[in-house]
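First comes the structure, then the notes that go with it.
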Amino acid sequence: MPRYAQLVMGPAGSGKSTYCSTLVQHCESLNRSVQVVNLDPAAEHFEYPVMADIRELIEVDDVMEDSSLRLGPNGGLVYCMEYFANNFDWLESCLGHTEDDYILFDCPGQIELYTHLPVMKYLVEQLQQWEFRVCGVFLVDSQFMVESFKFISGVMAALSAMVSLEIPQCNLMTKMDLLNKKAKKEIEKFLDPDMYSMIEDSTNRLRSTKFKKLTKAICGLIDDYSIVRFLPFDRSDEECINIVLQHIDVSIQYGEDLEFKEPRVSEFQ
């Protein structure tokens with residue numbers, strides 16, 4: 001039987017660890033077993049038990065303290081992830097070989113890992129070799145997406161990850177529970193966006209003709225092919241969490257290989 005994985009990605013502070021914690025609690029209420037693997041070597045704490053923690057293999061602080069490397073925080077994190085990519089046998093031993101596993105990989109927030117560095121692509125390929133069906137979950141803070149040009153920026157970041165990793169991807173606007181009523185109403189237009197109307201909002205601020213043309217081309221591409229869409233994620237709304245989980249489950253065909261179980265007959269019948 002196949003195994004299942006979510007690659008939880010997004011900028012720093014977008015709510016990746018909170019998403020993992022929320023999903024673990026939600027799945028517990030559904031009697032579903034979900035495990036979490038921490039892949040952030042700079043993480044300090046998280047609110048969920050982990051089945052594997054990359055900090056047991058390598059930590060950013062240790063790399064930065066190595067005088068022979070002379071690396072800062074970002075360079076240290078990239079070094080850690082490249083070291084991790086050369087030691088996938090560590091991850092394999094942590095994951096074991098249990099069938100029907102459902103694992104969330106809590107990834108670092110450096111966007112270059114999903115754009116022009118091959119580390120995450122190598123991870124996806126390795127997981128697929130271990131018979132995992134992998135879905136990317138790209139998170140963007142809804143409080144950031146309140147203006148058209150910021151929304152376009154978020155869309156491009158999500159699109160970059162989609163193109164780089166070549167796996168099914170579910171894009172989420174997180175922290176919806178932190179928005180007031182006015183902001184929630186404002187954010188609705190970004191859940192089902194009319195990119196051509198956003199062109200007008202964005203290009204009015206641009207003085208350069210070249211940038212106006214580029215913005216129009218990007219918006220046209222996104223709108224014409226419906227490449228990127230976002231789902232709202234409100235950690236306080238069980239129905240909202242369930243909708244997100246259903247979208248992801250469908251994309252990786254979770255449950256299609258499970259054996260059918262006869263319903264229990266009540267003792268009182």
Cut-off 3.5 Å, no hydrogens considered: what does the side-chain donor-acceptor table look like for residues 138-146, sequence neighbours left out?
residue: D141; atom: OD1; partner: Q143; partner atom: N; Å: 2.9
residue: D141; atom: OD1; partner: Q143; partner atom: NE2; Å: 3.3
residue: S142; atom: OG; partner: T174; partner atom: O; Å: 2.6
residue: S142; atom: OG; partner: K175; partner atom: O; Å: 3.4

Do [X] and [Y] have side-chain heavy atoms sitting under 4.5 Å apart?
X: V134; Y: L165; value: no
X: Y114; Y: S164; value: no
X: V24; Y: V36; value: yes
X: I248; Y: Q6; value: yes
X: P108; Y: L113; value: yes
X: L7; Y: Q169; value: no
X: E92; Y: Q126; value: no
X: M162; Y: I227; value: yes

Gap between atom [atom2] of [Y] and atom [atom1] of [X] - 0.5 Å precision:
X: D89; Y: S93; atom1: CG; atom2: OG; value: 7.0 Å
X: N180; Y: K185; atom1: CG; atom2: NZ; value: 12.5 Å
X: I58; Y: N87; atom1: CD1; atom2: CG; value: 8.5 Å
X: C240; Y: M176; atom1: SG; atom2: CE; value: 7.5 Å
X: C107; Y: K16; atom1: SG; atom2: NZ; value: 8.5 Å

Inset, instruction - Might you work through the side chain to side chain donor-acceptor pair (under 3.5 Å) test for S236 and D177, ending with a clear yes or no? - result: CA-CA 7 Å; S236 64; D177 49 304; 5.1 Å; no

Inset, instruction - Taking the six-membered ring for Trp and the single ring otherwise, decide whether the centroids of F132 and Y4 are under 6.0 Å apart. - result: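 When the ring centroids of F132 and Y4 are compared, they turn out to be at least 6.0 Å apart.
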
Legend entry - Centroid-centroid under 6.0 Å between Y254 and Y102 rings: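 Ring centroids of Y254 and Y102 are less than 6.0 Å from each other.
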
Taking all non-hydrogen atoms of both residues into account, name the closest pair between [X] and [Y] and its distance.
X: M173; Y: I187; result: SD-CG1, 3.7 Å
X: V78; Y: E112; result: CG2-OE2, 4.3 Å
X: L39; Y: I54; result: C-CG2, 3.6 Å
X: V244; Y: P232; result: CG2-O, 3.8 Å
X: L245; Y: H26; result: CD2-CD2, 4.0 Å

Examine [X] and [Y] and state if one hydrophobic cluster contains both, with Ile, Leu, Val, Met, Phe, Trp and Tyr joined whenever side-chain heavy atoms are less than 4.5 Å apart.
X: M156; Y: F230; result: yes
X: I222; Y: L214; result: yes
X: F151; Y: L178; result: no
X: V250; Y: V228; result: no

Inset, instruction - Would you kindly say whether Y122 and E82 are connected by a side-chain donor-acceptor distance under 3.5 Å? - result: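 No, no side-chain donor-acceptor contact under 3.5 Å.
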
Legend entry - Exercise: do Q110 and N74 side chains pair donor with acceptor under 3.5 Å: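 Result is yes, a qualifying pair exists.
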
Inset, instruction - Starting from the C-alpha separation in whole Å, work towards a yes-or-no answer on side-chain contact (heavy atoms from CB on, under 4.5 Å) for F105 and N38. - result: CA-CA 6 Å; F105 290 89; N38 173 48; over 6 Å; no

For [X] and [Y], indicate whether the former's side chain and the latter's backbone hold a donor-acceptor pair under 3.5 Å.
X: R55; Y: A43; value: yes
X: D101; Y: I103; value: no
X: R229; Y: L191; value: no

Inset, instruction - I would like to know whether Y48 and D106 meet side chain to side chain donor-acceptor pair (under 3.5 Å); could you show each step before the answer? - result: CA-CA 11 Å; Y48 50 78; D106 190 355; 2.5 Å; yes

Legend entry - Aromatic plane relationship, Y79 with Y83 - under 30° parallel, 30 to 60° tilted, over 60° perpendicular: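 Ring orientation of Y83 relative to Y79: parallel.
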
Inset, instruction - Start with the C-alpha distance between R32 and D249, add both sets of side-chain angles, then the distance that settles salt bridge (Lys or Arg N to Asp or Glu O under 4.0 Å), and finish with yes or no. - result: CA-CA 12 Å; R32 278 179 59 173; D249 287 347; 2.8 Å; yes

Inset, instruction - Evaluate the criterion side-chain contact (heavy atoms from CB on, under 4.5 Å) for residue pair S251 and I167; output intermediate values, then yes/no. - result: CA-CA 9 Å; S251 70; I167 55 175; over 6 Å; no

Inset, instruction - Please step through side-chain contact (heavy atoms from CB on, under 4.5 Å) for the pair E166 and K121, ending with a clear verdict. - result: CA-CA 8 Å; E166 299 180 289; K121 179 65 175 176; 2.8 Å; yes

Legend entry - Among L231, N242, L172, side-chain contact (heavy atoms from CB on, under 4.5 Å) partner for H247: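 Exactly one option meets the side-chain contact (heavy atoms from CB on, under 4.5 Å) with H247, and it is L231.
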
Side-chain atoms of residues 62-72: list all donor-acceptor pairs with protein atoms under 3.5 Å, sequence neighbours left out, distances to 0.1 Å.
residue: D66; atom: OD1; partner: S68; partner atom: N; Å: 3.0
residue: D66; atom: OD1; partner: S68; partner atom: OG; Å: 2.5

Inset, instruction - Would you indicate whether E131, at its atom CD, is surrounded by more than 12 heavy atoms from other residues, nucleotides or ligands within a distance under 6.0 Å? - result: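 Not buried by this count: 12 neighbours or fewer within 6.0 Å.
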
Inset, instruction - Step by step, work out the side-chain contact (heavy atoms from CB on, under 4.5 Å) result for E47 and S17. - result: CA-CA 8 Å; E47 300 174 355; S17 295; over 6 Å; no

